[in-house]
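Below is one structure, written out as structure tokens; comments come after it.
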Amino acid sequence: GEGRGREADRGWPSPFVMRPRIALNLKGVEYEFLEEKLGVKSDLLLRSNPVHKKIPVLLHAGRPVCESLIIVQYIDDAWPSSGPSILPSDPYDCATARFWAAYLDEKWFPAMSGIARAQGEEAKKAALDQVVEGLSLLEDAFGKISKGKPFFGGDTVGFLDIALGCFLGWLRVTEKMNGMKLLDEAKVPGLAKWAERFCAHDAVKGVMPETEKLAEFAKLIMAKFKAAAPPPQ
Amino acid sequence: MAEEVILLDFWPSPFAMRVGIALREKGVEFDLREEDLSNKSPLLLKMNPVHKKVPVLVHNGKPVCESLVIVEYIDETWVRRCPLLPSDPYERACARFWADYVETKTYSAARKVWPSTGEAQEVAKKEFIECLKVLEGELGDKAYFGGERFGYVDVSLVPLYSWFYALEASANFSVAEECPKLVAWAKRCMQRESVAKSLPDQYKVYEYMLELKKKIRAQ
């Protein structure tokens, strides 16, 4: 069906904002991308997401949809005959994809973003260990779920590809800033190759931020964070 | 084909209660197995190696984990009775949004209330009541969160009702006073067999909480 989406978006650094953009691209849906200014929440954002006041928000025919993975599922439901199916058709495969997406958002990404904020070497190592362990679990999951196909979604980019793939930019920045390889071809070969394929995909290419730009943005954020934090006792 | 449905359960867990409600709404026969969380069964560890938590639904030998993921799975697998999620895409997104709010904001707020004391407890209590008020606002004058029919958001929230007495007693407040419409909604849900059978008695939960507090203090 035809339809236009509008996105209120603080922009390119946010992995969560990437998710609906990839989904819309997969569906071939035209959309308007409204960038929010950093540090200032627009009236439109506050009206559209009064509960959380966060991006991304998808506005479709004037109605807001919030929470990145909920938006992705909505896009799949609202444009069923455009492009490939984003969620698997089998309920068990769906549950598996949703399980891993929840793991990413509740455990894995918080651990990764915790690395930069970790106080002291021990805390940093603990956070890094969690990220590495998570990648090992995901490597295993990839093998079982993809069944030899290029993506978690099989032949096409699907829900779990989007859920994990959006974090690749930040993963690369973490590697750069800590001088270590996380997506190591020797340790997680399936994921390493999947990551290349994902980033090269037409629906992803235009919205994946460049690592250099992201690294600079990360330094800015960290400087702000350190400036705001109380001095160590 | 004979279906084998097992629910790995822990009776005070509001997460596990969600699954019990969903299965009973759908009229699915299942084998309820109580776990001793201090001595987890080999089956639990095998079926949920990542989190080692309940609830776990084992359907014909295959595990499904994470309570809301399980509820959606149940809805998509046993389609003939009592649809829990709406069919309209926008309404589905709204239902998922509110269930997520229950999960990420409300349940985590509740968890902070009973173990805390003093100033920290006051803050936790305020946050929890605020969440309930937001939910009450969303419910409005509807019978259920989805409208006329009992559904996904109701399933995600109503298990917390079994914890109301424990929370009220530990932090000295009354949910009925703060959110009368929400309590009325909970009682309406309790009239459904699926809910009445899945929620433990509030006083039992209160006693469980007291035991847990003792153990925490002893550590």
Side-chain angles (χ1 to χ4, degrees), chain A residues 1 3 5 20 27 48-52 54 57-80 86-108 110 130 133-134 136-138 140-141 144 159-160, chain B residues 15 19 22 26 47-53 55-79 84-108 130-131 133-135 137-138 152-153:
Chain A
K27 293 289 186 178
S48 310
N49 191 358
V51 175
H52 299 300
K54 278 182 175 172
V57 178
L58 179 77
L59 292 160
H60 183 209
R63 297 191 297 187
V65 183
C66 309
E67 295 299 298
S68 64
L69 293 179
I70 294 176
I71 300 172
V72 171
Q73 292 181 88
Y74 172 77
I75 291 166
D76 203 29
D77 286 341
W79 286 279
I86 296 174
L87 272 291
S89 48
D90 172 71
Y92 191 77
D93 294 340
C94 239
T96 304
R98 287 182 180 132
F99 169 85
W100 285 110
Y103 169 78
L104 287 170
D105 284 2
E106 285 159 34
K107 296 261 144 67
W108 192 74
Q130 252 198 293
E133 194 203 315
S136 166
L137 288 173
L138 290 161
D140 195 54
K144 294 198 180 108
F159 187 70
L160 189 49
Chain B
F15 303 97
V19 181
K26 298 288 186 171
M47 295 282 126
N48 192 358
V50 175
H51 301 296
K52 306 178 177 57
K53 281 183 174 176
V56 179
L57 186 77
V58 187
H59 184 203
N60 294 329
K62 298 204 294 192
V64 186
C65 308
E66 293 296 296
S67 63
L68 291 179
V69 174
I70 302 173
V71 173
E72 284 214 46
Y73 173 78
I74 290 169
D75 202 36
E76 288 166 11
T77 303
W78 288 279
V79 292
L84 294 171
L85 273 148
S87 45
D88 172 73
Y90 188 72
E91 286 175 38
R92 284 164 83 82
C94 291
R96 286 182 175 131
F97 175 86
W98 286 108
D100 177 74
Y101 182 82
V102 168
E103 181 85 327
T104 55
K105 291 264 163 4
T106 314
Y107 271 43
S108 53
E130 181 56 44
C131 285
K133 291 204 158 141
V134 168
L135 287 164
E138 174 56 26
Y152 188 62
V153 182

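Labels below follow one simple rule: chain letters A, B, ... track the order of the sequence lines, proteins then strands, and each chain is numbered from 1. Nothing here was measured: the structure is a model prediction, and the numbers come from that model.
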Could you look at Arg92(B) and say if it's the side chain, the backbone, both or neither that has a heavy atom under 4.5 Å from chain A? side chain
Between His60(A) and Tyr74(A), do the side chains contain a donor N or O and an acceptor N or O under 3.5 Å apart? yes
With a 4.5 angstrom heavy-atom cut-off, which part of Pro63(B) approaches chain A: side chain, backbone, both or neither? both
Atom group of Glu133(A) that falls short of 4.5 Å from chain B, counting heavy atoms: neither
What part of Cys66(A) is in contact with chain B, defined as an atom under 4.5 angstrom from a non-hydrogen atom: side chain, backbone, both or neither? both
Pairwise side-chain contact, Phe99(A) with Val50(B), heavy-atom cut-off 4.5 Å (strictly under): yes
Select, from Glu66(B), Glu138(B), Lys105(B), Lys62(B), the one with the greatest count of heavy-atom pairs under 4.5 Å involving chain A. Lys62(B)
Looking at Glu72(B) and Arg96(B), is there a salt bridge between them, counting it only when a charged N and a carboxylate O are closer than 4.0 Å? yes
What part of His59(B) is in contact with chain A, defined as an atom under 4.5 angstrom from a non-hydrogen atom: side chain, backbone, both or neither? neither
Would you please name every residue forming a salt bridge (Lys or Arg N to Asp or Glu O under 4.0 Å) with Lys133(B), sequence neighbours left out? Glu178(B)
I would like to know whether Asp93(A) and Phe159(A) meet side-chain contact (heavy atoms from CB on, under 4.5 Å); could you show each step before the answer? CA-CA 11 Å; Asp93(A) 294 340; Phe159(A) 187 70; over 6 Å; no
According to side-chain hydrogen bond (donor to acceptor under 3.5 Å, both in side chains), who are the partners of Lys26(B), at least two apart in sequence or on a separate chain? Asp75(B)
If you count heavy-atom pairs under 4.5 Å with chain B, which of Lys107(A), Arg63(A), Glu106(A) comes out on top? Arg63(A)
Between Pro89(B) and Trp79(A), is there a side-chain heavy-atom distance shorter than 4.5 Å? no
Quick one: of Val134(B), Asp100(B), Thr104(B), who has the most non-hydrogen atom pairs under 4.5 Å with chain A? Asp100(B)
Looking only at Pro64(A), Cys94(A), Ala102(A), Ala101(A), the option with the highest number of non-hydrogen pairs under 4.5 Å against chain B is Pro64(A)
